[in-house]
Amino acid sequence: MRRSKQIFVLHHCLLNQNARAKGLAKRRGVVEEIVEEAIRNGWGIYQIPCPELRFLGMEREPMSKTRYDTEEFRVICKEIAREVAEDLRRFVEVGYEIKGIAGVEGSPSCGVNLTHIGEGGEEKLVEGEGILVEEIKKALAKNGIRINYYGIKLEEGRDC
Ligand code: SF4
């Protein structure tokens, strides 16, 4: 079978809503409509690891970017970003097309245009990128790769 040589990159929970913070899953598992688009178009899917899962595990409560933005969490995001950018470079340098990267709007880690800031009950949705998205963009630039980012907003309400 001939490969499509086309890859779509998804932040982790678009393929696995089980990874989300408590109470935030918006699907039982996969976000079907995104996967269906990839299947229809013959794209492979590359899944970015979930940084919050690595940092706080499965019992975590929803938190803001303000609270996540620590040196420790940045280290995890930088490491994931480095691995992802190097993997994507390996595809690009042999002629594969990266169709885009889909992040999760509102997330303190994976928001593309929207993220949550604040603490102590004063959290709010604002324009801005999540911490992992910031680090991935820096790592892609370091590897000389430009890829379009898309923000997926599944429905109204809190995202991570
Ligand atoms: S949006 Fe939240 S749950 Fe989804 S991959 Fe990013 S950090 Fe993990």
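Note that ligands are numbered from 1 as they come in the structure, with each ligand's atoms numbered from 1 the same way. What's counted below: heavy atoms across the whole structure, side chains too, no hydrogens, waters or symmetry copies.
Interface of Ser109 with ligand 1, defined as ligand atoms under 4.0 Å from a residue heavy atom, comprises 7 (S). Those atoms of ligand 1 that come under 4.0 Å of a heavy atom in Glu52, given as number and element, are 2 (Fe), 7 (S). Heavy-atom contacts of Cys13 reach the following atoms of ligand 1: 1 (S), 3 (S), 4 (Fe), 5 (S) (cutoff under 4.0 Å). Residue contact check: His12 has heavy atoms under 4.0 Å from atoms 5 (S) of ligand 1. Against a heavy-atom cut-off of under 4.0 Å, Cys50 is close to the following atoms of ligand 1: 3 (S), 5 (S), 7 (S), 8 (Fe). Against a heavy-atom cut-off of under 4.0 Å, Cys110 is close to the following atoms of ligand 1: 1 (S), 5 (S), 6 (Fe), 7 (S). Remark: ligand 1 atoms within the under-4.0 Å shell around heavy atoms of Ser107 are 1 (S), 2 (Fe).
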Show your working on side chain to side chain contact (heavy atoms under 4.5 Å, CB included) between Leu154 and Arg27 and close with a plain yes or no. CA-CA 9 Å; Leu154 294 176; Arg27 300 288 191 280; 4.0 Å; yes
Test side chain to side chain contact (heavy atoms under 4.5 Å, CB included) on Trp43 and Glu97; report intermediate values, then the result. CA-CA 10 Å; Trp43 302 338; Glu97 182 186 2; over 6 Å; no
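Within 6.0 Å of NZ on Lys22 lie more than 12 heavy atoms contributed by other residues, nucleotides or ligands.
Look at Arg60 and you'll find a heavy atom under 4.0 Å from some atom of ligand 1.
His116 and Tyr68 share no side-chain donor-acceptor pair at under 3.5 Å.
Looking only at side-chain heavy atoms (C-beta outward), Ile48 and Ile101 come within less than 4.5 Å of each other.
Each of Arg90, Lys138, Arg89, Glu93 was evaluated against Asn143; a single residue qualifies, Arg89, per the side chain to side chain donor-acceptor pair (under 3.5 Å) test.
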